[in-house]
Every structure is written in structure tokens, then in C-alpha cells.
Amino acid sequence: MERKTPSIAMVPCPGTSHLITQIEFAKRFVGLHPDFHVTLLIPTLGPPSPSMNSILQSLPPSIHFTVLPQVDPHDLPPNADPASLMLLTVTHSLPSLSQALSSLISQTHLVALVLNTFSVDAIEVAREFDLPCYVYYPSSATALAFVLHYPKLDDDGIVVSRKFGELELKEPLKIPGCIPFEARDLTDIVPDTSHSFHTTLVQVSKQLHRVDGILVNSFVDLEPGPISALQNVRPVYPVGPIVQTESNISSNSSECLAWLDKQPENSVLFVSFGSGGTLSQEQLNELAYGLELSGHRFLWVVRAPSKGGADSSYLNAQKYDDPLEHLPEGFMDRTKDQGFVISSWAPQIEVLRHGSTRGFLTHCGWNSTLESVVCGKSMIAWPLFAEQRMNAALLNDQFKVALRPKVNEKGIVEREEVSRVVKCLMEGDEGKEMGRRVEMFKDAAIKALDKDGSSTEALENVVTKWKNLKS
């Protein structure tokens, strides 16, 4: 009887950044184990975007994908937050996921199901087929520790008030192995108990406690405390840093690389807020004036200002006119010799890897954070939503590789403050020290992914378990 090809199935959740990091993990996996195949079973809330289609069509031969039938948006609650929408989209996709897995099992020797943070409800389907169930957790070990701890927050008695946007703590939150967190670091991830995101966090935490293991996108030398504490109570495997190695270069984005080629070494600040982050018009103006005031070179990915919250375009792209039309009058002319402005998207990994790039003004999404670390670029931490404020605290307080601008009473970073932190990073002693520290983390990241590195060893421990399953 012919032996079936060993394989694993992965279930990402909606959201481009989640899909990208899961694909990068799949590439890392098949690169180390070419005898395996991976199949991505992708739940969707809408038709795949052109960028998603481009990503999927460029997958290596041993990684396959099936886009599951689209969930009817009318079946989901109106005005739900992005995390809840992701979780519910997967939950509503479970019947089609079950069918897809049944077909896959008939064709391959399926040894495990690997879920994403917000696709954890698919653990029920894994149990249906008696499959080992793991989660690839694309954020930090610290964020994982927080989510696992989340249902206990009220029992701890430190939450005085949790009105959404107005969190008040009796004392800093202390989770084993992690730095203490102030209320401002947790505002977006400790919502009012009546909010849908609270229910989502509780559900995710509950399911994470049920899986057979968690593969976290971090590495021991970056987060030794949280990883050690987690491993004392859960089967947690640090397999990172998992980041993109190249972008899809378009003619528009190649212009910014050509501009970088003409700039002096270590002279440019890269400014980008990720795949879904937007600023208000007032904040957009202050950032523009601050970059101009600093006098330093910059490469800025500009999006039109938000008409909702900072995360309003994360799952549903909004139709806007040219983002550049929202910049202050005369800004482009005044800074034509100082900066390069590009609309909506840039080849981030290539920009960060470039010798002319000195630092990164970032929204602190974990993908961007790790990309900056592996490229050895210190940061200005400008969090917008989700766990980004927690990441900003890690970067500033623990890793000491980022500056965190001060905000005024309206929550705005004023132009003078923008200019101050840019100058500090680009020319100050503190910036130089951050650069030295981030180079140490860069070296540690390379070592973790080596043949005998800690992250490679952690992944091998999991794969050994999968390979020992009887066919």
C-alpha cells in the first residue's frame, strides 16, 4: 500500500498580517522538513483581496491552500471589533472546515492541525478527527502570557475601573516572568466586560488552555522571562523570529528603494503604521510638521486619515481619495529634498534592511517589531490599537531599543515632540545606545534560527512528536 505524504493543516484567521505570518511559519517548516506538505485552510469574511491573491499564488509547491466558503457578514453582529469578527468568522466556517479536513485526510497522512490565535474554536474540528491541535501564536510571549492570564484579572482585584478607554488599576499588572504593566499599556486589551472583545479574549484564553501546544513567534534571548514562566505551566515552543524575507515589489514601491539608494548610510527614518493603522487628520498634520521640523531624512508611508478608530480599516478597506491630498499644504514642496512620501504601502522588509535606513517609527505590531529587530533598526514606538501599547512598553522599558513619544491631554503627539524623538534617535547618545542594543538582539535572532539554535530546536521537538504518530 502506497504511503501517503505526511502533512499538517493550518487555519489562519482573517486579516492580512495574520495570514502573512502563518505563511512565513509554513515556509520555515517545509524548509526544514521538505518531506512534509502544508495546506492552508483559509476562512474568509469577504472575497480575497488582490494582495492576498498575490501572496497565495506565490506559495512554494509544498504549501497548498483552500479558501473556505465566504461567511455571510449578516450572520455576524454589527459594529463588532476586529478581533471578535476574526473569531466569529472562523467559528461560522467550522462546517466547511470539517469538510475540507475530511477531504484532506483521504489524500494525505495528516498529523496535526495548527491554528491561529483567533481560529482557536477550530479545536472542536481537531477533536472530531482525533488530530493533535496546536496554535501558532504570532505575537510576543508576553502577550501570550497576558491572554492566558486574562480571565483571572478580576480575581486579582487590581482592576478598579474598566470602562472602555478609561482603564484604572490599583497597582501595575504583574504576570509571572513579565515586566509590570501600567494602565496605559493595557487600555485596548482590558475592555469593559460588556464589550464583545472581552468575550472574545475569554474564549481565546479558554481554548488556548485546551490545545496540545503553542508555537510562539519569539525567541529565548528576546523574552527569557515570559518564555520560562510559560513553559513551567504550558507546552510552549518559541520558534521565532518568523518574519517576511521579501516583499512583492511594484513599480511604485521600487521608486522608494531607488530613492533610498541615493541617501547617505544610516540617514533615513522609516515611518509606517502597518497594514491597518491610520491616524486622525490632526495627528497626521502634527506628524508631518514634526518630521519637517526635525530636519532629518524620512521615508513615510502615508494613509488617508481614519474616519473611525485607528483600527477601522484593518479588516475592511475603506475607499479614500489620494492619501497625499491630506498632507498639510505645501508640505511636499518644502520637504522634497528631505523626504520621500509613498501612498499606503511600501516594501517594508527591504526598506528596513537597507543600509540608508537608521530607524523605524512604527505602530509596534509584532510583525513590524520583529522585522525591525532582525534588521537591527532601533525604533520610535507609536502604538495605535490591540496589543501594540504592550509591545511599546516592551520595546521601551524592557528591550530598551525604542523611544516612546509623549502625548498631550487630547492623546496627540505634538510636532515638537515628534521632532524631539526623531532627533534623539537619529543623532543623540540614547539613539546610539539603542542601536547597539538592537544589534545584540539581531545577532541573537540569527543565532536562534541557526541549525542548532534555540528556536530550531523548539520546532524540532514538536515535529518529532508529529513524526512519531502512526500512519
Are Phe29 and Tyr136 side-chain neighbours, meaning at least one heavy-atom pair lies under 4.5 Å?
no

Do Leu269 and Arg358 come within less than 4.5 Å of each other through their side chains, counting heavy atoms only?
no

Please check this pair: side chain of Gln388 against backbone of Leu384, looking for a donor-acceptor N/O pair closer than 3.5 Å.
yes

If we count only N and O atoms by modelled type, under 3.5 Å, do the side chains of Ser455 and Arg28 hold a donor and an acceptor together?
no

Ignoring hydrogens and angles, state whether a donor on the side chain of Thr369 or Asn391 is under 3.5 Å from an acceptor on the partner side chain.
no

Taking atom types as modelled and ignoring hydrogens, do the side chains of His149 and Asp156 form a donor-acceptor contact shorter than 3.5 angstrom?
yes

Report the C-alpha separation of Thr89 and Cys13 in whole Å, then their side-chain angles, then the decisive distance to 0.1 Å, and conclude whether the side chain to side chain contact (heavy atoms under 4.5 Å, CB included) test is met.
CA-CA 8 Å; Thr89 298; Cys13 56; over 6 Å; no

Does a donor on one side chain sit under 3.5 Å from an acceptor on the other, for Glu166 and Ser161?
no

Measure the shortest side-chain to side-chain distance between Phe270 and Leu361 over non-hydrogen atoms and say whether it is less than 4.5 angstrom.
no

Run the salt bridge (charged side-chain N to carboxylate O under 4.0 Å, His left out) check on Arg353 and Glu246 step by step: do they pass?
CA-CA 10 Å; Arg353 199 184 288 139; Glu246 60 182 1; over 6 Å; no

Contact between Met434 and Lys400 at the side-chain level, heavy atoms closer than 4.5 Å - yes or no?
no

For residues 198-237, which residue pairs pass the ring-ring contact (aromatic ring centres under 6.0 Å, His included) check, not counting sequence neighbours?
Tyr150-His198

Could you tell me whether the side chain of Val271 reaches within less than 4.5 Å of the side chain of Val301, counting heavy atoms only?
no

Please check this pair: side chain of Ser93 against backbone of Pro43, looking for a donor-acceptor N/O pair closer than 3.5 Å.
no

Side-chain donor-acceptor pair under 3.5 Å between Ser218 and Tyr137, yes or no?
no

